[in-house]
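For reference, the structure discussed in these notes is given below.
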Amino acid sequence: MNFKAIRGTYDHTPEDMEVWNFVESAARRTASIFGYKEISTPIFEQTGLFKRAVGEGTDVVQKEMYNFTDLGGNELTLRPEGTASVCRAFIEHGMHNKPYPVRLFYIAPMFRHERPQSGRLRQHHQFGVEIFGDSSSETDLEIILLGLTYLESLGIKGLKLKVNSIGTSKSRVEFKKSFEHYMNPLKNKLSEKDQKKYELNPIRILDSKEKSTQDLLLDSPKPIDFLDKDSKEHWEKFINLLDQSIKMFEGVEFEIDKGLVRGLDYYSKTVFEIQPKDSNKAQSSILSGGRYDNLVENIGGPDTPAAGFGSGIERVILNIKENKEEDLDSLQLLIIPASNEGLVVSIKIAQQLRNKNVSTSICSSDRSFKAQMRYANQINANNIIVIGEKEISTNKITIKNLSSKIEKTVDLTSEDILSVLDSNG
RNA sequence: GUGGGCGUGGUGUAGCUGGUUAACACGUCAGGUUGUGGCCCUGAAGAUCGAGGGUUCGAAUCCCUCCGCUCACCCCA
């Protein structure tokens, strides 16, 4: 084999597509019953959009983007996440003039140049929702409930929801001052890795996985302790609503994780993450997001509060224990032509049936009759008919249902065949 | 970018204390009398043993390099 799917990408085989479509349709259905409308944006954008939206200093922008220059000299980037593009489209199409709030969702591929591992790819797909123009706490709650409804509809049980508030950029300045005051004397006790991290972006060491670091952070100031009045009210109302409504979801537990910070710069106030309770995998977060009240304005739009989440479809699929979908894809009718004349008739009949929504294939006349029958069985065809000289001269065909073995003889017309197939199922 | 594990027909594996034509299962294809399948039987195709180099009379088996896959770190969905 000379060519392979490139690292961190993969093919969806026909077998894979069954689960895939199951998940995608659950996403569409859930978003739709919550009143969200689908949007689709190009897979690449100006590099500047992501730099501006995601943040110049983030890992995503610094080392994970697929950047390229096109023949016109434009700096472009394969999108590493969905929110920036949707916000751009929101502004570009003047959606701020629509009745608020505007609810949007997307299912789309994302690209990040990372080292692949379990639950991490270079091309992955996200189901994401965004809600614009509503700064209320119940909006934050709504997207979380949407996310939980989605995961529940896929039969994923035992979820843990982590929530936190990181305040506004203004309140974070206060926090940062206090945090650095606390950390500076302890700085040299950090591991080398975390020291570097601390230099780059102090807040990010809050969710360090290193035990020694976590111990040092036990009594440190946390962003949530520095909320301004507005953020604090927002948070308290949110937690109150969440506490009252989370019980609707069986087996879902939630906790306030004061150390939860996100790797994308645009978040403010509420942030959250959903993961399987029993996950021992490293990449366990399957749905995460939060509020981003400044992003739209930041990339050139009107001041518009917003919130949203992204959920990795591949990671969700890793958590689907059993796929209950039945094999609905089996072919309804396979036609076996038994002569040249039969082949011509087969082609006509097949086309008539397809026009009536019956999935129909014709077997290769190059192969023996036995081979054709075997093929019918291998692909799990529901019914077969043979069209040869006998059928054409008598104008009668026999439809055989392969699972029940029942045979029915009718006139050689698509209407008659259809009526038998309908009664056969 | 850093570290661990692994690379044998389409798939999953055996062989790996070096020795004649690389084995097994599943799958694929063909046949087991002419136009009705699934089981069974027979046969066939299909692998330069990830690539290159080295040691040796001789390597899938030992050594080196590279590549790929995979898991983990970082970060994220």
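Chain letters run A, B, ... following the sequence lines, proteins first and then strands; every chain starts at 1. Treat the numbers as computed from the prediction; the structure is a model and nothing was measured.
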Between the side chains of [X] and [Y], does any donor sit under 3.5 Å from an acceptor?
| X | Y | answer |
| --- | --- | --- |
| A:Asn401 | A:Ser404 | yes |
| A:Thr58 | A:Asp265 | no |
| A:Gln123 | A:Tyr10 | no |
| A:Ser414 | A:Lys356 | yes |
| A:Thr409 | A:Thr398 | yes |

Does [N] have its OP1 or OP2 closer than 4.0 Å to a side-chain nitrogen or oxygen of [X]?
| X | N | value |
| --- | --- | --- |
| A:Gln126 | B:rA77 | no |
| A:Arg262 | B:rC75 | no |
| A:Gln378 | B:rU28 | yes |
| A:Ser288 | B:rA77 | yes |
| A:Ser118 | B:rC71 | yes |

Protein-nucleic acid N or O pairs under 3.5 Å, nucleotides 9-12 of chain B:
none

For this session: Considering non-hydrogen atoms only, spot the tightest contact between A:Leu206 and A:Ser220 and give its length.
Result: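 Heavy-atom minimum between the residues: CD2-OG, 4.3 Å.
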
Could you tell me whether [X] contacts a base, only the sugar-phosphate backbone, or nothing, with contacts defined as non-hydrogen atoms closer than 4.0 Å?
| X | value |
| --- | --- |
| A:Gly128 | nothing |
| A:Leu287 | sugar-phosphate |
| A:Arg122 | nothing |

For this session: Give the stems involving RNA chain B, where a stem is 3 or more consecutive Watson-Crick or G-U wobble pairs (i with j, i+1 with j-1, and so on) under 3.5 Å.
Result: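 When the pairs of RNA chain B are grouped into runs of at least three, the stems are B:1-7 with B:67-73, B:10-13 with B:23-26, B:28-32 with B:40-44, B:50-54 with B:62-66.
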
Problem set entry | side-chain hydrogen bond (donor to acceptor under 3.5 Å, both in side chains) involving A:Tyr36 - partner list, sequence neighbours excluded |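 side-chain hydrogen bond (donor to acceptor under 3.5 Å, both in side chains) list for A:Tyr36, sorted by chain: A:Glu142.
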
Problem set entry | Result of checking A:Phe111, A:Tyr106, A:Trp20 against A:His125 for ring pair (Phe, Tyr, Trp, His ring centres under 6.0 Å) |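 Of A:Phe111, A:Tyr106, A:Trp20, ring pair (Phe, Tyr, Trp, His ring centres under 6.0 Å) with A:His125 is met by A:Trp20 alone.
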
Exercise. Just how far, in rounded Å, is C1' of B:rA77 from CZ of A:Phe111?
Worked result: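 Distance check: A:Phe111 CZ to B:rA77 C1' gives 14 Å.
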
Using a cutoff of under 3.5 Å, can you pull out all pairs of nitrogen or oxygen atoms linking the protein to nucleotides 43-51 of chain B, with atom names and distances?
none

For this session: Using a 4.0 Å heavy-atom cut-off, write out nucleotides 31-38 of chain B from 5' to 3' as B (base contacted by protein), S (sugar-phosphate only) or - (no contact).
Result: SB--BBBB

Exercise. Nearest nucleotide by nearest heavy atom, which residue falls closer to the 5' end of RNA chain B, A:Glu273 or A:Ile6?
Worked result: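 Residue closer to the 5' terminus by nearest nucleotide: A:Ile6.
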
Problem set entry | Atom NZ of A:Lys222 with >12 non-hydrogen neighbours under 6.0 angstrom |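 Enclosed: over 12 neighbouring heavy atoms sit under 6.0 Å from NZ of A:Lys222.
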
Exercise. Given the rule in the salt bridge (charged side-chain N to carboxylate O under 4.0 Å, His left out) test, do A:Asp225 and A:Lys258 qualify, once you have shown the distances and angles that lead to the verdict?
Worked result: CA-CA 9 Å; A:Asp225 303 322; A:Lys258 294 184 171 186; 3.7 Å; yes

Are any protein N/O atoms closer than 3.5 Å to N/O atoms in nucleotides 2-7 of chain B? If there are, list each pair with its distance.
residue : atom : partner  : partner atom : Å
B:rU2   : O4   : A:Arg115 : NH1          : 2.6

